[in-house]
Peer 1: 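Below is a structure I'd like to ask you about.
Numbers for residues simply follow the sequence, beginning at 1.
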Amino acid sequence: MHYYLIAGEASGDLHASNLMKALKNHDPSAIFRCWGGDLMEKAGGTLVKHYRDLAYMGFLEVITHLGKIIGNLRFCEKELLSYKPDVLILVDYPGFNLRIAKFASRNGIRVFYYISPQLWAWKSSRVRTIRKSVERMFVILPFEKKFYAGHGLEVDFVGHPLLDVIETGAAEPDRDSFFRDNSLDNRPVIALLPGSRMMEVGNMLKVMSSVVSRFGDHQFVVAGAPAIPKEFYNSILNDLPVRVLFNQTYDLLLHSAAAIVTSGTATLETALLRVPQIVCYKGNPLSYAIARWIVHVPFISLVNLIYEKLLVREFIQEELTTENLVAELNKILDNDDYRQMMRAGYIRIVESLGGKGASERCAKLMIQYLHKI
């Protein structure tokens with residue numbers, strides 16, 4: 001079969017690439033064409049557009065780049081009509097993908113959606129688009145099945161694909177080798193995860209790194225996003241004694257005493273690796289004001305949403321200050337009971353996510369549905 005996949009960011013690239021591998025297990029003749037990243041290309045896909053050319057966050061930013069976004073939509077529509085895939089598989093990235101779902105459905109292309117847009121947080125009215133344009137939805141968070149059932153839709157909960165990627169509870173790799181190979185000294189590490197998009201890294205890293213001088217007995221290391229050049233990080237960090245490591249995020253977290261993390265998938269990755277964390281978000285003020293008006297969830301982090309109460313502190317917009325970060329970091333580093341409480345919550349989260357094998361379960365179901373007439 002011919003598959004056309006669209007993922008618009010780094011996490012989507014990761015999960016789509018694993019899904020592609022699983023699909024290949026069940027359909028050895030599978031041919032993939034995709035919008036995504038390096039991982040999807042390595043998994044055998046013909047890469048049409050890279051996610052680094054697609055990722056715009058915030059309402060004002062989307063408006064600013066509207067011409068380019070519309071151009072990408074028109075290009076994608078022509079691609080689909082020309083390629084005529086057996087199925088279009090959309091991976092999260094709702095602003096773009098829901099529009100493409102409508103177009104594909106109108107033109108007789110079967111549409112599957114893997115990793116639901118966060119409609120439970122905002123714009124639940126978009127469920128109508130899912131109902132009309134998406135043949136099957138494959139969700140990864142336990143509460144999403146109940147959400148869609150409340151809107152009269154049956155969806156498949158396949159479990160969270162991060163459990164395929166992260167060995168939860170695994171033995172820590174050799175600390176000495178990690179520190180030596182990355183020119184780190186013997187001080188405990190605090191990880192900074194400012195995001196995967198250049199725009200959000202620009203917003204987040206400056207305030208994250210503002211705490212460095214207050215923790216001289218620790219060393220700070222940034223988890224660099226592969227699509228962002230090191231020079232960009234250096235331009236923000238200036239002469240601060242902060243290392244930037246690429247393609248080692250999980251090893252970095254495993255060797256960290258704490259982490260400061262931009263809200264997104266990385267908060268869940270940090271939890272699965274049992275690292276005490278602080279969750280942060282700071283965007284364009286106008287974009288945030290608009291989002292606050294239409295978003296109706298008690299928390300911004302996946303960790304707290306899955307746990308269903310406050311487990312990790314969240315500092316958003318004006319609350320994201322050096323003093324708040326310093327106070328919470330001191331609490332994490334100095335209070336063993338507090339750290340253990342957070343880690344116990346992480347274990348409950350893991351237990352709710354459906355176990356390993358999400359990519360395989362999803363691929364198997366997709367193949368079954370594709371062979372139904």
Peer 1: Could you check if a side-chain atom of Tyr148 sits within less than 4.5 angstrom of a side-chain atom of Glu154, using non-hydrogen atoms only?
Peer 2: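 Side-chain contact under 4.5 Å: no.
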Peer 1: Checking Leu90 against Ile115 for the side-chain contact (heavy atoms from CB on, under 4.5 Å) test, could you report, in this order, the C-alpha distance in whole Å, the side-chain angles of both residues, the deciding distance, and whether it holds?
Peer 2: CA-CA 8 Å; Leu90 305 172; Ile115 306 180; over 6 Å; no
Peer 1: Quick one, Pro194 and Val222 - any side-chain contact, counting heavy atoms below 4.5 Å?
Peer 2: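 In contact.
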Peer 1: Is it the case that more than 12 heavy atoms not belonging to Lys49 sit under 6.0 Å from its NZ atom?
Peer 2: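 Yes - once you tally the heavy atoms of other residues, nucleotides and ligands closer than 6.0 Å, there are more than 12.
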Peer 1: Looking at Phe157, I'd like to know if the NZ or CZ of Lys145 sits under 6.0 Å from its six-membered ring centre while staying within 45 degrees of the ring's axis.
Peer 2: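 No, Lys145 does not sit over the ring of Phe157.
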Peer 1: Do Phe178 and Gln248 have side chains that approach each other closer than 4.5 Å (heavy atoms only, starting at C-beta)?
Peer 2: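 Contact flag for Phe178/Gln248 side chains = yes.
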Peer 1: Show your working on side-chain contact (heavy atoms from CB on, under 4.5 Å) between Glu323 and Arg214 and close with a plain yes or no.
Peer 2: CA-CA 10 Å; Glu323 293 307 316; Arg214 307 282 284 274; 3.0 Å; yes
Peer 1: In terms of hydrophobic clustering (I, L, V, M, F, W, Y; side-chain heavy atoms under 4.5 Å; direct or indirect links), are Phe179 and Phe220 co-clustered?
Peer 2: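 Not linked; separate clusters.
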Peer 1: Side chains of Ser105 and Asn107: is there a donor and an acceptor less than 3.5 Å apart?
Peer 2: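 Absent: no donor and acceptor within the cut-off.
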Peer 1: Does Glu77 come within less than 4.0 Å of Arg74, counting only side-chain N to carboxylate O?
Peer 2: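 Answer for the salt bridge query: yes.
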Peer 1: Which pair of non-hydrogen atoms, one from Tyr281 and one from Ser263, has the smallest distance, and what is that distance?
Peer 2: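 Where Tyr281 meets Ser263 most closely, the heavy atoms are CB-CB, 4.3 Å.
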Peer 1: Should Cys34 and Leu47 count as side-chain neighbours, where that means a heavy-atom distance under 4.5 Å?
Peer 2: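 A side-chain contact exists here, since the closest heavy-atom pair is under 4.5 Å.
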Peer 1: Quiz question: by atom type and distance under 3.5 Å, do the side chains of Tyr93 and Glu9 form a donor-acceptor pair?
Peer 2: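 No, no side-chain donor-acceptor pair sits under 3.5 Å.
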Peer 1: Can you find a heavy atom in the side chain of Phe147 that is under 4.5 Å from one in the side chain of Val139?
Peer 2: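 No, their side chains stay 4.5 Å or more apart.
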Peer 1: Would you indicate whether Arg99, at its atom CZ, is surrounded by more than 12 heavy atoms from other residues, nucleotides or ligands within a distance under 6.0 Å?
Peer 2: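 Atom CZ in Arg99 is not crowded, with 12 or fewer foreign heavy atoms closer than 6.0 Å.
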Peer 1: Could you please spell out the steps behind the side-chain contact (heavy atoms from CB on, under 4.5 Å) verdict for His371 and Ile367?
Peer 2: CA-CA 6 Å; His371 283 92; Ile367 296 295; 3.5 Å; yes
Peer 1: Does any N or O in the side chain of Asn304 come within less than 3.5 Å of the main-chain N or O of Leu311, such that one atom is a donor and the other an acceptor?
Peer 2: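 Checking the backbone N and O of Leu311 against the side chain of Asn304, a donor-acceptor pair under 3.5 Å is found.
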Peer 1: Can a donor-acceptor pair be found, under 3.5 Å and without considering hydrogens, that links the side chain of Glu360 to the backbone of Gly357?
Peer 2: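 No.
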Peer 1: Exactly one of Leu353, Thr265, Val350, Leu302 should register a side chain to side chain contact (heavy atoms under 4.5 Å, CB included) with Leu162. Which one does?
Peer 2: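 Answer to the side chain to side chain contact (heavy atoms under 4.5 Å, CB included) test with Leu162 among Leu353, Thr265, Val350, Leu302: Thr265.
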Peer 1: For residues Gly264 and Thr267, report the shortest heavy-atom separation together with the two atoms involved.
Peer 2: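 Smallest interatomic distance, heavy atoms only, reads O-OG1, 2.8 Å.
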Peer 1: Any sub-3.5 Å donor-acceptor pair from Arg343's side-chain atoms to Pro276's backbone N or O?
Peer 2: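 No: the side chain of Arg343 does not pair with the backbone of Pro276.
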Peer 1: Where is the tightest heavy-atom contact between Leu153 and Ile130, given as atom of each residue plus distance?
Peer 2: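 Smallest heavy-atom distance, with atoms named: CD1-CG2, 4.0 Å.
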Peer 1: With no hydrogens and no angle check, is any side-chain donor or acceptor of Glu135 less than 3.5 Å from a backbone partner on Arg110?
Peer 2: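 Absent.
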Peer 1: Given the rule that I, L, V, M, F, W and Y join up when any side-chain heavy atoms are under 4.5 Å apart, are Leu365 and Leu23 in one cluster?
Peer 2: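 Leu365 and Leu23: one cluster.
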Peer 1: More than 12 foreign heavy atoms under 6.0 Å from NZ of Lys364: is that the case here?
Peer 2: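 Count not over threshold, so no.
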Peer 1: In terms of hydrophobic clusters joined by side-chain contacts under 4.5 Å, are Val261 and Tyr338 together?
Peer 2: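 Yes, Val261 connects to Tyr338 through the hydrophobic network.
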Peer 1: Which distance, rounded to the nearest 0.5 Å, do you find between the CE of Met199 and the CD1 of Ile228?
Peer 2: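 Between Met199 CE and Ile228 CD1, I get 11.0 Å after rounding to 0.5 Å.
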Peer 1: Shared ILVMFWY cluster between Phe138 and Met40, side chains joined below 4.5 angstrom?
Peer 2: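 Same hydrophobic cluster.
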Peer 1: Rounded at 0.5 Å granularity, tell me how far CD in Gln317 sits from CG in Asn203.
Peer 2: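 Those atoms lie 8.5 Å apart.
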Peer 1: Quiz question: by atom type and distance under 3.5 Å, do the side chains of Thr322 and Ser210 form a donor-acceptor pair?
Peer 2: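 Side chains of Thr322 and Ser210: pair found under 3.5 Å.
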Peer 1: Test side-chain contact (heavy atoms from CB on, under 4.5 Å) on Met204 and Leu320; report intermediate values, then the result.
Peer 2: CA-CA 9 Å; Met204 302 301 301; Leu320 181 54; 3.6 Å; yes
Peer 1: For the side chain to side chain contact (heavy atoms under 4.5 Å, CB included) test, which of Thr270, Leu193, Ile332 pairs with Val275?
Peer 2: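 Among Thr270, Leu193, Ile332, the one meeting side chain to side chain contact (heavy atoms under 4.5 Å, CB included) with Val275 is Thr270.
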Peer 1: Quick check against the 3.5 Å criterion: does Ser82 have a side-chain atom that pairs as donor or acceptor with the backbone of Glu79?
Peer 2: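 Judged by distance alone, no pair lies under 3.5 Å.
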Peer 1: What's the spacing between Cys280 SG and Arg313 CZ if we round to 0.5 Å?
Peer 2: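 Going from the SG atom of Cys280 to the CZ atom of Arg313 covers 10.5 Å.
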Peer 1: Nearest 0.5 Å, what's the CG-CZ distance between Asp185 and Arg243?
Peer 2: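 Going from the CG atom of Asp185 to the CZ atom of Arg243 covers 10.5 Å.
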Peer 1: Just so I know, are the side chains of Arg33 and Tyr3 near enough to count as touching, which here means a heavy-atom distance under 4.5 Å?
Peer 2: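 Counting from C-beta outward, Arg33 and Tyr3 never come under 4.5 Å.
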Peer 1: Closer than 3.5 angstrom, by distance alone: can the side chain of Asn335 be matched with the main-chain N or O of Asp337 as a donor-acceptor pair?
Peer 2: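 Checking the backbone N and O of Asp337 against the side chain of Asn335, a donor-acceptor pair under 3.5 Å is found.
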Peer 1: Any non-hydrogen side-chain atom of Asn182 less than 4.5 Å from a side-chain atom of Asp251?
Peer 2: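 No, their side chains stay 4.5 Å or more apart.
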Peer 1: Are any non-hydrogen side-chain atoms of Leu273 and Tyr346 less than 4.5 angstrom apart?
Peer 2: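 Of all side-chain heavy-atom pairs linking Tyr346 with Leu273, none is under 4.5 Å.
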Peer 1: Under a 3.5 Å cutoff, is there a donor and acceptor pairing between the side chains of Asp164 and His15?
Peer 2: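 Short answer, no.
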Peer 1: CE of Met20 to CG of Asn25: how many Å apart, nearest 0.5 Å?
Peer 2: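 The CG atom of Asn25 is 12.5 Å from CE of Met20, to the nearest 0.5 Å.
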Peer 1: Which atom names give the shortest non-hydrogen contact between Val312 and Val279, and what distance separates them?
Peer 2: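 Taking every non-hydrogen atom into account, CG2-CG2, 3.7 Å.
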Peer 1: Are Phe96 and Trp35, when compared by the centres of their aromatic rings, separated by less than 6.0 Å?
Peer 2: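 Distance test on ring centres: under 6.0 Å, yes.
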Peer 1: Taking Lys132 for the side chain and Thr129 for the main chain, is one N or O donor matched with an acceptor at less than 3.5 Å?
Peer 2: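 Between the backbone of Thr129 and the side chain of Lys132 there is no qualifying donor-acceptor contact (under 3.5 Å).
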Peer 1: Would you say Ile109 ends up clustered with Phe103 if hydrophobic residues are merged whenever their side chains have heavy atoms under 4.5 Å apart, either directly or through other cluster members?
Peer 2: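 Per the 4.5 Å side-chain linkage, Phe103 and Ile109 are co-clustered.
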Peer 1: List the atom of Asp13, the atom of Gly36, and the distance in Å for their closest heavy-atom pair.
Peer 2: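 Of all heavy-atom pairs spanning Asp13 and Gly36, the closest is OD1-C, 4.2 Å.
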Peer 1: Could you give the distance from CD (Gln118) to CG (Asp92), rounded to the nearest 0.5 Å?
Peer 2: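 Interatomic distance, Gln118 CD to Asp92 CG, rounded to 0.5 Å: 6.5 Å.
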Peer 1: Considering non-hydrogen atoms only, spot the tightest contact between Val244 and Gly224 and give its length.
Peer 2: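 Smallest interatomic distance, heavy atoms only, reads CG1-CA, 4.2 Å.
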